[in-house]
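Each ligand, and each atom within it, is numbered from 1 in the order the structure gives.
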Amino acid sequence: MKKISLKLKLTLLYTFFMALLTCAALAILFSLSSREMLSSTQTRLENRVQESVEFIALRNGEIRIDSDFYSVVRDVYLSLYDSDMYFMYGRIPHGFTQQPELADGEIRTIRDGNREWYVYDMSYRLSEDRTVYVRGITSITDAEESFTVTVRFALVLLPLMVLATAVIGYRFTRRTLAPVRQITDTVRQIRADADLSRRIGFEEVKRNGRPMPDDGGSDEETGERRKKGDEIYILGRTFDEMLEELEEVFRREQQFTSDASHELRTPVSVIMAQCDAMLAEGNSLTEEQRDQIGLIQRKARGMADMISQLLFLSRADQGRQPLNKERINISELTEMIAEEQQMLADADGRGIHIETQICPEIWADVDETFYIRMLVNLISNALRYSRENGLVEVSLVQDGDAFTGSVRDYGQGIVADAQPHIWERFYRAEASRTDGSHAGLGLSMVKWIAEAHGGSVSVESEEGQGSTFSFCIPAGENNF
Ligand code: ADP
């Protein structure tokens, strides 16, 4: 299942709590309000009935009713009864069909059909011997209905408010987290291109080519200004400072490798030259001394190779390894390299045979020296890790706008766990099998050369069965 993004999680979280909080608040409010509504309906009824006595007067033994008695004020209907429950004046609401007994000073709830009513009776002494009753009737159902409309309105409004909060919240979170994405992208780019000179650069954004004023930085992608105190700005700055330090450490390490290799080159050349001279002198040396000098010479040669590989890689790291591409016949060059390697294999005396399957007339824009270096590395590895009298196959084919080559051997192969690491510097799958002159730099160079040409390298290998190293390199614009 796809992972939920942080911004969605945050939005869901506060939307959920916001909905929960609003629901709880509304529930409390509604329960209080409905009670309040019923009690205020009762108070209204009582007041209206009590005030209504102003509209009743006794003149010359006759009851006079003011016309206000008939009007329905605050939903209360008034009616006047004598003590025998005889209806005299007033209005009864439509739908109220019952004739409940008089109950002085008491509010009663009366159900009539599917409606409910509050009924309040109050006795009023017109004279010594004459008492009448004022009855007030008001509908609970109507009051509840108007309250229900308010509730419904709130229920429609609530989800809309929650939705609006979610949308606004999501946009806000996205805006806030956009710089985090910028940080992630920068780190990814650094990893992909191994380019430590990249920066997140919140503070480096310029407007119309001018730097931002010093009171803040901004987010280049969203165009949003980042305040200097803001946590994400601080995170970005900290990352940039860390990258600055890392770049400096790498630069110093590269410089050290380069300087050390340069310094070692001369003494190693001197050692080799001296060994040559001693061996050339010849006769005065015993057989044992000749062997010892031969060993020194071989080790010095191995060291010289390693130094040249180190120099190559450190120059590549520093971007000082330009490609001198020219259009060459790759088929011929590959055939030539294979022949040379066959001669070396023959001299080695292990009986290994190199077989070629090379498509003729493949032309490509490559740096000849680098291409030779790449193929020599692959074939010499295949020879080294082959069994006696083994076979090494070198093939080259045209593959659309690119050419693909492969070097296959039937030797010891590489264990699956080691395969991803063989391109790393100084990595050797089985150190014990090397004689010390192979430092594990060859394949790093092969990879760099293929990639510098815009191509790639890969390996397929099975332990005990052999390995196939393949490279695919674009042939250049005017190919074929
Ligand atoms: P080295 O100079 O030690 O050969 P490389 O970078 O050329 O260094 O190779 C790295 C490691 O990959 C080697 O130590 C070896 O273990 C393994 N390797 C390379 N080529 C082959 C091959 N053809 N067969 C088996 N193992 C190989």
Next on the checklist: Less than 4.0 Å is my threshold; does some heavy atom of Met445 fall inside it relative to ligand 1?
Outcome noted: no

Checklist entry - Is there a side-chain contact between Tyr385 and Asn381 (heavy atoms, below 4.5 Å)? => result yes

Item to check | Within-cut-off N or O pair, Ile414 and ligand 1, under 3.5 Å | outcome: no

Next on the checklist: Just to be sure I'm reading this right: ignoring hydrogens, which of Tyr385, Trp423, Tyr410 gets closest to atom 22 (C) of ligand 1? Compare them by their nearest heavy atoms.
Outcome noted: Tyr385

Checklist entry - With a cut-off of 4.0 Å, which atoms of ligand 1 are near a heavy atom of Leu441? => result 6 (O), 8 (O)

Next on the checklist: Taking Glu460's backbone N and O only, do any of them form a donor-acceptor pair with Gln419's side chain (distance below 3.5 Å, no angle check)?
Outcome noted: no

Item to check | Within-shell test, Gly413 vs ligand 1, heavy atom, strictly < 4.0 Å | outcome: yes

Next on the checklist: For the residue pair Gln297 / Asp276, report whether a side-chain donor-acceptor contact shorter than 3.5 Å exists.
Outcome noted: yes

Item to check | Arg251 versus Ser197, side-chain donor and acceptor atoms under 3.5 Å | outcome: no

Item to check | ligand 1 to Arg384 polar contact by distance, N or O atoms, under 3.5 Å | outcome: yes

Item to check | Proximity flag Phe469 to ligand 1, non-hydrogen atoms under 4.0 Å | outcome: yes

Checklist outcome for this item: Filtering Ile379, Asn377, Ile422 for the heavy atom nearest atom 12 (O) of ligand 1 leaves Ile422

Next on the checklist: Tell me which pairs pass ring-ring contact (aromatic ring centres under 6.0 Å, His included) where either residue lies in residues 287-341, with sequence neighbours left out.
Outcome noted: Phe312-Phe370, Phe312-Trp448

Item to check | Any Arg373 side-chain heavy atom under 4.5 Å of Ser308 side chain | outcome: yes

Next on the checklist: Below a 4.0 angstrom heavy-atom separation, can you tell me which part of Leu443, side chain or backbone, both or neither, approaches ligand 1?
Outcome noted: both

Checklist entry - Taking distance alone, with no angle check, do Asp409 and ligand 1 share an N/O pair under 3.5 Å? => result yes

Item to check | Arg428: numbered ligand 1 atoms lying under 4.0 Å from its heavy atoms | outcome: 3 (O), 14 (O)

Checklist entry - Which of these, Leu378, Leu375, Val376, sits in a side chain to side chain contact (heavy atoms under 4.5 Å, CB included) with Val446? => result Leu378

Next on the checklist: Once side chain to side chain donor-acceptor pair (under 3.5 Å) is applied, what residue pairs with a partner in residues 158-172 remain, sequence neighbours excluded?
Outcome noted: none

